[in-house]
Amino acid sequence: ADERPNILLVMADDLGWSDVGSYGGEIDTPHLDELAAQGTLFTDFHASVSCSPTRAMLMSGNDNHIAGLGTMSEMLVDNQRGQPGYEGYLNDRVAALPEILQAAGYNTYMAGKWHLGHSKERLPFNRGFDTTLTMLVGGTSHWADRLGILPEDDPAKYASNGEYLDVLPADFYSSRSYADFLIDAIRANRGDGKPFFGYLAFTAPHDPVHVPEPWMSKYAGQYDEGYDVLKQERWKAAKSLGLIAEDAQLPGSQPLVTPWEELQLYERRTEARGMEVYAGMVEAMDYHYGRVVDFLQDIGELDNTIVVFLSDNGSNPFYSVDYPGADDPGFVAQFDHSFENLGHPGSNYAYGPGFAAGSSGPLGLYKQTVGEGGIRVPLIVSGPGISKGQTTRAFAYVWDILPTLLDAAGVEYPETFNGHQVEPPRGRSMMALLNGGDDTLYDPEEVVSGEMAGGKWVRKGDFKAIQVPAPYGGGEWHLINLSVDPGEARDLSEEMPGLLSELIAAWEAYAEEVGVVPAEL
Ligand SMILES: O=[N+]([O-])c1ccc(OS(=O)(=O)O)cc1
């Protein structure tokens with residue numbers, strides 16, 4: 001019999017760092033909390049500032065500029081088009097995780113968001129998944145109507161098993177339908193003797209915030225004190241859980257966030273309602289994730305399954321009109337923006353920078369930025385050989401997941417795939433960290449860098465240099481000591497100019513090596 005472990009890779013979309021209970025959130029997430037009890041929780045795990053660059057790294061074990069998502073396809077400008085690494089889809093310089101596992105004899109299933117190419121040959125079905133139900137673009141309604149978040153992606157594209165889907169089942173709801181599809185796919189091939197790789201890529205809790213009952217009503221009234229109070233409570237909870245330093249300061253006011261006290265009453269009511277629905281959506285995602293885990297338990301496969309849960313980036317500071325073209329009056333008019341309809345079909349609400357800052361809790365900034373609130377994300381891993389109830393403070397990065405999973409499966413990354421050379425992963429296996437053997441993955445003297453849309457970061461041990469462009473930052477380099485300042489409020493540039501210069505030089509070398517092409521606007 002094939003004893004290799006199954007793999008269940010679960011991705012949340014735009015989930016804030018502190019939303020899950022085991023990260024200090026007040027939202028009920030019992031199944032993810034149980035995953036943490038049965039596995040290893042990371043406090044210093046990182047991704048990119050947005051969706052498709054992170055997913056490209058997840059699928060390739062490589063840098064986003066190598067794998068084709070140097071920037072998001074939606075943000076490509078003329079001087080980037082045609083440049084290597086700026087294809088806007090998962091390119092052929094890399095072999096994708098499902099392609100490698102499929103070739104190694106795994107059954108491969110995907111349900112949920114892809115966002116790594118939507119032409120026929122770029123569909124997940126043609127990148128190594130045997131069985132798929134996938135939403136192909138950045139975001140859309142969670143119901144059957146496929147209403148887009150961007151005019152260019154409206155109606156949103158879906159595909160199943162290599163064919164586009166123009167009609168979804170009338171009772172479609174994203175988190176439930178993706179969990180059902182994955183369960184059915186696993187059940188259909190049970191007993192064929194092959195292990196499976198299941199990729200459950202939830203589109204929740206990405207905007208528009210949509211959720212059915214009982215979750216729609218459950219959090220009513222819970223956020224009436226506003227986002228500033230929420231951020232403070234999450235910061236306190238993260239401390240009491242030991243996820244951040246005892247002396248870490250509460251981050252101050254965040255860019256674009258109006259102090260709660262200055263909002264009009266009707267604005268507070270809408271903001272709080274958006275967060276209530278968002279919280280319900282997070283709990284619904286946890287519930288449907290839990291159904292998949294219960295199913296694996298029932299069929300006797302859970303003990304031999306590696307479960308990985310993460311988010312693609314931090315909490316999203318956009319309101320719905322902030323997407324390119326989404327303030328077009330004709331586009332806006334197709335939705336019902338009434339307060340009563342918020343969260344129901346036909347609504348298009350994103351919670352904006354205030355609650356995004358709340359969701360990032362003790363961290364500075366949020367999605368779209370290289371602040372910790374943008375790129376530090378939850379990661380919880382359980383499975384055979386992985387320490388239970390362990391918290392690790394080791395720095396790790398999304399490109400480390402592919403090497404970890406291949407290591408667990410006993411599969412080598414190929415030198416060639418489909419007859420052409422592919423780039424070896426830049427990430428490394430975390431297995432020794434997960435089984436409690438090691439307590440670091442990167443040496444404190446090693447440097448790791450990233451870039452997306454002009455946001456730059458470079459890490460060396462606890463130190464991080466960042467450059468955050470407008471409108472979220474001033475575009476100059478800052479130096480932060482994350483061990484005491486996860487809120488990134490204290491710039492050490494003037495105190496430690498030598499270290500800052502060293503980190504900037506390391507970032508420049510990285511940009512040269514991976515082929516960063518700054519947008520000429
Ligand atoms: O700026 N955009 O075009 C954009 C930004 C974010 C976004 O959402 S994401 O989940 O795909 O990152 C989609 C489009």
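Just follow the structure's listing: the first ligand is 1, and inside any ligand the first atom is 1.
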**Request:** Could you check Met216 against Val277 for side chain to side chain contact (heavy atoms under 4.5 Å, CB included), going step by step and ending with a plain yes or no?
**Result:** CA-CA 6 Å; Met216 164 67 85; Val277 177; 4.1 Å; yes

**Fill in**
With heavy atoms and a 4.0 Å threshold, my read on which part of Arg55 contacts ligand 1 is neither

**Asked** Under 4.0 angstrom from ligand 1, any heavy atom of Pro324?
**Response** yes

**Prompt:** Closest non-hydrogen protein atom to atom 10 (O) of ligand 1, residue and atom name please, with distance?
**Reply:** His206 NE2, 2.7 Å

**Request:** Quick one: look up the protein heavy atom nearest atom 7 (C) of ligand 1 and list residue, atom name and how far away it is.
**Result:** Tyr323 CE2, 3.6 Å

Output the list of atoms in ligand 1 that are nearer than 4.0 Å to some heavy atom of [X], sorted by atom number.
X: Met75; result: 1 (O)
X: Ser50; result: 12 (O)
X: Gln368; result: 5 (C), 6 (C)
X: Cys51; result: 9 (S), 10 (O), 11 (O), 12 (O)

**Prompt:** Does Asp400 have any salt bridge (charged side-chain N to carboxylate O under 4.0 Å, His left out) partners at least two apart in sequence or in another chain, and if so, which?
**Reply:** none

**Request:** Is it possible for you to check whether Arg146 lies under 6.0 Å from the centre of the six-membered ring of Phe172, through NZ or CZ, and within 45° of that ring's axis?
**Result:** no

**Request:** May I ask you to check whether Tyr173 and Asp180 show a side-chain donor-acceptor distance below 3.5 Å?
**Result:** no

**Asked** Going by atom types only, do His142 and Thr203 share a side-chain donor-acceptor pair under 3.5 Å?
**Response** yes

**Prompt:** Taking the six-membered ring for Trp, are Tyr289 and Phe309 parallel (under 30°), tilted (30 to 60°) or perpendicular (over 60°)?
**Reply:** tilted

**Prompt:** Which word best sums up how the rings of Phe355 and Tyr227 line up, parallel for under 30°, tilted for 30 to 60°, or perpendicular for over 60°?
**Reply:** perpendicular

**Item:** Nearest-option assignment for atom 8 (O) of ligand 1, heavy atoms, candidates Lys367, His115, Glu74
**Value:** Lys367

